[in-house]
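Below is one structure, written out as structure tokens; the observations come after it.
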Amino acid sequence: MELWNKLRSLDAYPKVNEDFYSRTLSGGLITIFSSIAILLLFFSEIRLYLYSATESKLTVDTSRGERLHINFDVTFPALPCSLVTIDTMDVSGEQHYDIRHDIIKKRIDQLGNVIESRKDGVGSHKIERPLQNHGGRLDHNEAYCGSCYGSEESDNQCCNTCEEVRDAYRKKGWALTNVESIDQCKREGFVQRLKDEHGEGCNIHGFVDVNKVAGNFHFAPGKGLDHAFNFLQDMLNFQPENYNASRIHFLSIISHKINKLSFGKDFPGVINPLDGVEWKQGQTTGLTGMYQYFVKVVPTIYTDIRGRKIHSNQFSVTEHFREAIGLPRPPPGVYFFYEFSPIQVDFTEENTSLLHFLTNICAIIGGIFTVAGILDSFVYHGHRAIKKKMEIGKLG
């Protein structure tokens with residue numbers, strides 16, 4: 001019996017007879033508001049418990065020898081698809097010019113509507129006896145070795161395609177004039193294709209595969225950039241009857257809109273700051289030049305609630321337009337110079353544990369109940385004190 005009495009003395013929740021309860025209007029209002037607050041916070045905790053939260057932390061990037069996909073979707077409203085090229089190079093010495101695999105080009109008109117691409121071979125001319133490198137015409141039983149039209153570096157050099165003739169001229173530092181007289185270009189329909197695409201633009205999208213080291217990739221008018229300004233004369237020669245209009249059109253060739261640019265795979269919550277960015281040549285003095293984006297890439301690993309990892313990247317960017325003033329003149333184009341941060345960001349999806357959820361629920365209920373009790377006590381005793389003073393004043 002003494003044991004039960006001792007246990008009864010430890011009761012932290014003594015009971016009061018209902019006859020001694022005093023219910024008030026203020027207490028009822030405080031109870032309603034506190035109950036609503038408890039319910040709102042309870043459902044908020046339920047939502048946090050059912051849905052995962054993302055935690056982030058910074059670590060040192062220890063990856064080595066990896067490669068990276070740079071995904072892009074860029075529109076050039078004044079640059080024909082036949083002339084836009086993509087080149088990449090990095091500090092390790094790896095260089096790729098006029099990349100064509102994993103890339104899709106769409107011809108667009110001045111309104112941005114997609115034009116159906118012309119099939120290969122349409123508009124090309126058949127050359128019965130093309131010019132040989134020795135200066136004569138191709139005989140019936142003779143092997144074809146196309147002429148480089150004076151730009152050959154040796155007597156046995158052959159230029160069998162229009163691109164090879166253009167490359168040979170570019171190495172010499174010459175502008176390719178009177179293109180219509182080049183058998184290779186006539187045979188491949190290069191001149192006709194450029195004439196057909198005059199005044200058009202190009203949408204180009206796909207990806208390039210690069211080393212995970214500092215480097216750049218760029219969109220340039222014309223293949224190769226050793227003597228890029230020769231491209232101006234090359235392009236104007238395709239439209240000799242409208243030279244001035246062609247020149248004005250050329251001055252806006254690097255106007256562009258970046259529909260999408262990302263370094264690696266997309267992951268939940270990623271923000272690519274260049275998506276939707278547009279720049280027009282008319283925003284400057286009208287001179288052509290090099291538009292540069294300087295990109296700082298931050299390696300990122302996103303781990304979802306099931307433990308699956310997405311290796312990707314985030315990036316920040318600044319931009320600058322370098323006009324073609326003085327010598328050496330910068331080659332025209334849109335350039336993306338990127339470098340990698342040594343710090344890596346790790347995002348991890350996590351669910352709230354059951355014990356943490358129950359602890360928060362208890363804290364919500366107990367905390368609001370206690371605060372409401374203190375508030376009710378303050379209101380109740382304050383009201384009683386005021387009432388008592390009023391009664392004393394009346395009696396006095």
Side-chain angles (χ1 to χ4, degrees), residues 70-91 94-100 103-108 163 166-167 169-171 173 175-176 194 197-198 200-208 210 214-236 238 246-261 274 277-295 317-339:
I70 302 177
N71 309 293
F72 56 84
D73 184 346
V74 183
T75 299
F76 294 91
L79 184 59
C81 287
S82 295
L83 295 176
V84 62
T85 64
I86 305 175
D87 307 323
T88 64
M89 56 187 66
D90 58 43
V91 295
E94 183 174 312
Q95 300 180 3
H96 298 281
Y97 295 103
D98 195 19
I99 301 172
R100 299 185 180 184
I103 292 173
I104 299 175
K105 296 179 181 180
K106 295 180 181 178
R107 294 167 55 193
I108 58 174
E163 288 290 346
R166 293 171 63 197
D167 286 341
Y169 267 70
R170 194 172 292 112
K171 289 178 181 179
L176 187 61
L194 289 179
E197 296 183 9
H198 180 67
E200 294 180 3
C202 186
N203 172 262
I204 180 168
H205 66 275
F207 68 88
V208 291
V210 299
N216 78 81
F217 71 99
H218 47 263
F219 302 89
K223 181 181 177 183
L225 296 176
D226 294 336
H227 303 280
F229 265 86
N230 290 335
F231 162 76
L232 171 58
Q233 187 63 44
D234 291 348
M235 193 182 83
L236 297 181
F238 299 140
S246 298
R247 188 177 186 278
I248 294 173
H249 185 74
F250 173 79
L251 293 179
S252 62
I253 59 171
I254 63 172
S255 298
H256 60 277
K257 179 179 180 181
I258 303 174
N259 304 305
K260 181 176 179 59
L261 179 70
L274 286 179
V277 170
E278 185 174 7
W279 182 83
K280 294 183 179 180
Q281 182 75 38
Q283 296 170 358
T284 65
T285 61
L287 295 173
T288 188
M290 174 192 295
Y291 201 84
Q292 302 166 306
Y293 292 96
F294 299 93
V295 181
V317 63
T318 56
E319 52 193 275
H320 174 70
F321 177 67
R322 181 184 173 190
E323 294 182 342
I325 300 176
L327 295 174
R329 289 182 176 181
V334 180
Y335 288 70
F336 296 85
F337 299 91
Y338 57 87
E339 60 179 1

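Only heavy atoms go into these numbers, but all of them, side chains included; no hydrogens, no water, no symmetry mates.
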**Option among Met89, Gln292, Glu339 that satisfies the side-chain contact (heavy atoms from CB on, under 4.5 Å) test with Asn216** = Met89

**Prompt:** If you look at every heavy atom in Gly201 and Cys81, which pair is closest and at what distance?
**Reply:** O-SG, 4.2 Å

**Prompt:** Atom OG1 of Thr75 and atom CD of Glu278: how far apart are they, to the nearest 0.5 Å?
**Reply:** 9.0 Å

**Message:** A side-chain contact here means heavy atoms from C-beta on lying under 4.5 Å apart; do Cys202 and Val84 qualify?
**Reply:** yes

**Asked** Side-chain contact, heavy-atom cut-off 4.5 Å: Tyr291 with His256?
**Response** yes

**Complete:** Exactly one of Phe336, Trp279, Tyr338 clears ring pair (Phe, Tyr, Trp, His ring centres under 6.0 Å) with Tyr293, and that residue is Phe336

**Request:** Measure across Pro332 and Pro221 and return the closest heavy-atom pair with its distance rounded to 0.1 Å.
**Result:** O-CD, 3.2 Å

**Request:** Please round to the nearest 0.5 Å and tell me the distance separating atom CG of Asp90 and atom CD of Gln95.
**Result:** 8.5 Å

**Prompt:** Tell me, do Val210 and Ile70 make a side-chain contact under 4.5 Å, heavy atoms counted?
**Reply:** yes

**Message:** Walk me through whether Asp98 and Thr85 qualify under side-chain hydrogen bond (donor to acceptor under 3.5 Å, both in side chains).
**Reply:** CA-CA 5 Å; Asp98 195 19; Thr85 64; 5.0 Å; no

**Message:** side-chain contact (heavy atoms from CB on, under 4.5 Å), that's the test. Do Ile254 and Phe321 meet it? Break it down for me.
**Reply:** CA-CA 11 Å; Ile254 63 172; Phe321 177 67; 3.6 Å; yes

**Prompt:** So how far is it from Arg322 CZ to Met290 CE, rounded to the nearest 0.5 Å?
**Reply:** 5.5 Å

**Item:** Between CD1 on residue Ile86 and NE2 on residue His218, distance to nearest 0.5 Å
**Value:** 10.0 Å

**Message:** Is the shortest side-chain heavy-atom distance between Asn259 and Val74 below 4.5 Å?
**Reply:** no

**Prompt:** Are any of the side-chain heavy atoms of Ile204 and Ile103 separated by less than 4.5 Å?
**Reply:** yes

**Fill in**
Between Pro77 and Ser255 the two heavy atoms that sit nearest each other are CD-O, 3.2 Å

**Message:** Quick check for you: to the nearest 0.5 Å, what is the distance between Leu261 atom CG and Asp73 atom CG?
**Reply:** 10.0 Å

**Message:** For Phe72 and His205, I'd like to know if the aromatic rings sit close, meaning centre-to-centre distance below 6.0 Å.
**Reply:** no

**Request:** Rounded to the nearest 0.5 Å, what's the gap from OH on Tyr335 to NE2 on His320? Could you check?
**Result:** 13.5 Å

**Item:** Phe219 and Phe76, any side-chain heavy atoms less than 4.5 Å apart
**Value:** yes

